[in-house]
Amino acid sequence: MARKKTAPARPRTGNRRNPLLHQAIIDAATEVLAKEGPTRFTIEAVAKLAGCGKPTIYRWWPSRPALLLEVFDQAVKQELVAPEGKDLAKDLAAMLRQVWRLWRTESMGSLFRLILSEMMLEKEGARYLREVFIPRRQAFSAIAFQAAKDRGEIPQETDVKLLMDLIYGYSVFRLITRQIDDDQIVDRICATVAKLARSGVPSPVRTENQRRSGALSRTVNSQ
């Protein structure tokens, strides 16, 4: 019987991500997930298929659910369409409605709930959600807020992060309690957030420690 071929080994790159190897790992993880499902998904299987060692994967993703989250993130990004940039409430609602509709599919919604449940139980998983994954997802929403600032709809000093946390936190609550079937509530929460933004929600004065923490988070996201 012919032996199954695996991908050729790629050069080691240390903590700095090699884009080709990074994508090879994501592709391998996507294939393993499709074949085995999330409960039987293993780092060992991904490493073998991608042609790299497990230490390489663990340098870039702290855990199994973190790698699953990366696969989920790439699948989501392929489905999202940027807003028109004409009205903040409508732009936010259009963006959030896309995400909720993805979550309604059994594969995407169930996978994300499983990932969240695993990652919230460990300190490193919670850190990865807070410092890596959530900022990436919120960057999509930030497009609408920046467009609103550029056209003068909301003040330049608006605390966009706080408003995005309100939207994202509320959305995750609706996801885990399985209340994501009502598009009208999307319009209501986004209209409320847009009203808050227009009325003025200034960013707090950042301390030196907070500035350093933000710089560290941006460094993590860029790796």
Side-chain angles (χ1 to χ4, degrees), residues 1-80 99 102-103 105-142 161 164 168 172 175-176 211-223:
M1 180 182 294
R3 296 179 61 186
K4 185 178 179 180
K5 294 182 179 180
T6 59
R10 294 171 175 81
R12 295 171 61 91
T13 57
N15 290 328
R16 192 176 187 84
R17 294 194 184 188
N18 178 308
L20 294 178
L21 179 53
H22 175 270
Q23 191 57 50
I25 292 172
I26 296 300
D27 292 343
T30 302
E31 185 174 337
V32 171
L33 177 62
K35 182 179 179 181
E36 302 292 345
T39 58
R40 298 178 61 187
F41 179 93
T42 65
I43 296 295
E44 289 84 356
V46 174
K48 182 178 181 180
L49 190 59
C52 67
K54 289 193 297 180
T56 297
I57 296 178
Y58 280 120
R59 275 198 299 271
W60 298 344
W61 294 278
S63 62
R64 185 189 80 97
L67 181 53
L68 278 171
L69 197 58
E70 184 90 10
V71 174
F72 174 86
D73 191 36
Q74 288 216 0
V76 168
K77 286 193 294 186
Q78 293 175 7
E79 300 295 331
L80 298 182
V99 175
L102 282 172
W103 285 352
T105 63
E106 184 60 27
S107 58
M108 297 295 280
S110 296
L111 176 60
F112 195 37
R113 280 190 290 267
L114 174 65
I115 293 170
L116 289 177
S117 67
E118 290 191 20
M119 298 194 78
M120 288 188 295
L121 294 176
E122 55 183 48
K123 183 177 180 180
E124 184 60 26
R127 185 203 67 81
Y128 190 85
L129 281 173
R130 181 178 65 253
E131 298 182 8
V132 180
F133 177 74
I134 291 176
R136 285 180 185 173
R137 288 290 89 240
Q138 289 186 336
F140 182 62
S141 302
K161 185 180 185 307
M164 289 193 299
Y168 196 85
V172 171
L175 171 68
I176 63 178
R211 284 191 287 270
R212 289 176 181 174
S213 177
L216 175 61
S217 178
R218 288 190 295 272
T219 300
V220 171
N221 291 338
S222 65
Q223 291 182 349

Participant: Who passes side chain to side chain contact (heavy atoms under 4.5 Å, CB included) against A29, sequence neighbours left out?
Facilitator: F41, V46, L67, V71

Participant: Looking at residues at least two apart in the chain, or sitting in another chain, which of them share a side chain to side chain contact (heavy atoms under 4.5 Å, CB included) with Q138?
Facilitator: I134, M164, D165, Y168

Participant: Just how far is it from atom CD of E122 to atom OH of Y128, taken to the nearest 0.5 Å?
Facilitator: 12.0 Å

Participant: Output all residues satisfying side-chain hydrogen bond (donor to acceptor under 3.5 Å, both in side chains) with E79, sequence neighbours left out; order by chain, then residue number.
Facilitator: none

Participant: Restricting to ring-ring contact (aromatic ring centres under 6.0 Å, His included), what partner residues turn up for F72, sequence neighbours left out?
Facilitator: F112

Participant: Go through the structure and list residues passing side-chain hydrogen bond (donor to acceptor under 3.5 Å, both in side chains) with Q78, not counting sequence neighbours.
Facilitator: none

Participant: With E124, which residues qualify under salt bridge (Lys or Arg N to Asp or Glu O under 4.0 Å), at least two apart?
Facilitator: R127

Participant: Under the side chain to side chain donor-acceptor pair (under 3.5 Å) rule, what pairs show up with a residue in residues 109-119, not counting sequence neighbours?
Facilitator: R64-E118, E106-S110

Participant: Closest approach of A24 and A50, non-hydrogen atoms and distance?
Facilitator: O-CB, 4.0 Å

Participant: With sequence neighbours excluded, tell me which residues meet side chain to side chain contact (heavy atoms under 4.5 Å, CB included) with S107.
Facilitator: T105

Participant: If every non-hydrogen atom of W61 is compared with every non-hydrogen atom of A66, which pair is closest and at what distance?
Facilitator: CD1-O, 3.7 Å

Participant: Sequence neighbours excluded, which residues qualify as side-chain hydrogen bond (donor to acceptor under 3.5 Å, both in side chains) partners of K54?
Facilitator: E44

Participant: What residues form a side chain to side chain contact (heavy atoms under 4.5 Å, CB included) with D27, not counting sequence neighbours?
Facilitator: Q23

Participant: To the nearest 0.5 Å, how far apart are CG in L121 and CG in L116?
Facilitator: 10.5 Å

Participant: Closest heavy-atom contact between G53 and A47?
Facilitator: C-CB, 4.2 Å

Participant: Tell me, with the steps shown, if V76 and R137 meet side-chain contact (heavy atoms from CB on, under 4.5 Å).
Facilitator: CA-CA 9 Å; V76 168; R137 288 290 89 240; 4.1 Å; yes

Participant: Rounded to the nearest 0.5 Å, what separates atom SG in C52 from atom CG in L21?
Facilitator: 5.5 Å

Participant: In Å and rounded to the nearest 0.5 Å, what is the OG1 to CD1 distance from T30 to I25?
Facilitator: 11.5 Å

Participant: Which value, rounded to the nearest 0.5 Å, describes the distance between L111 atom CG and L68 atom CG?
Facilitator: 6.0 Å

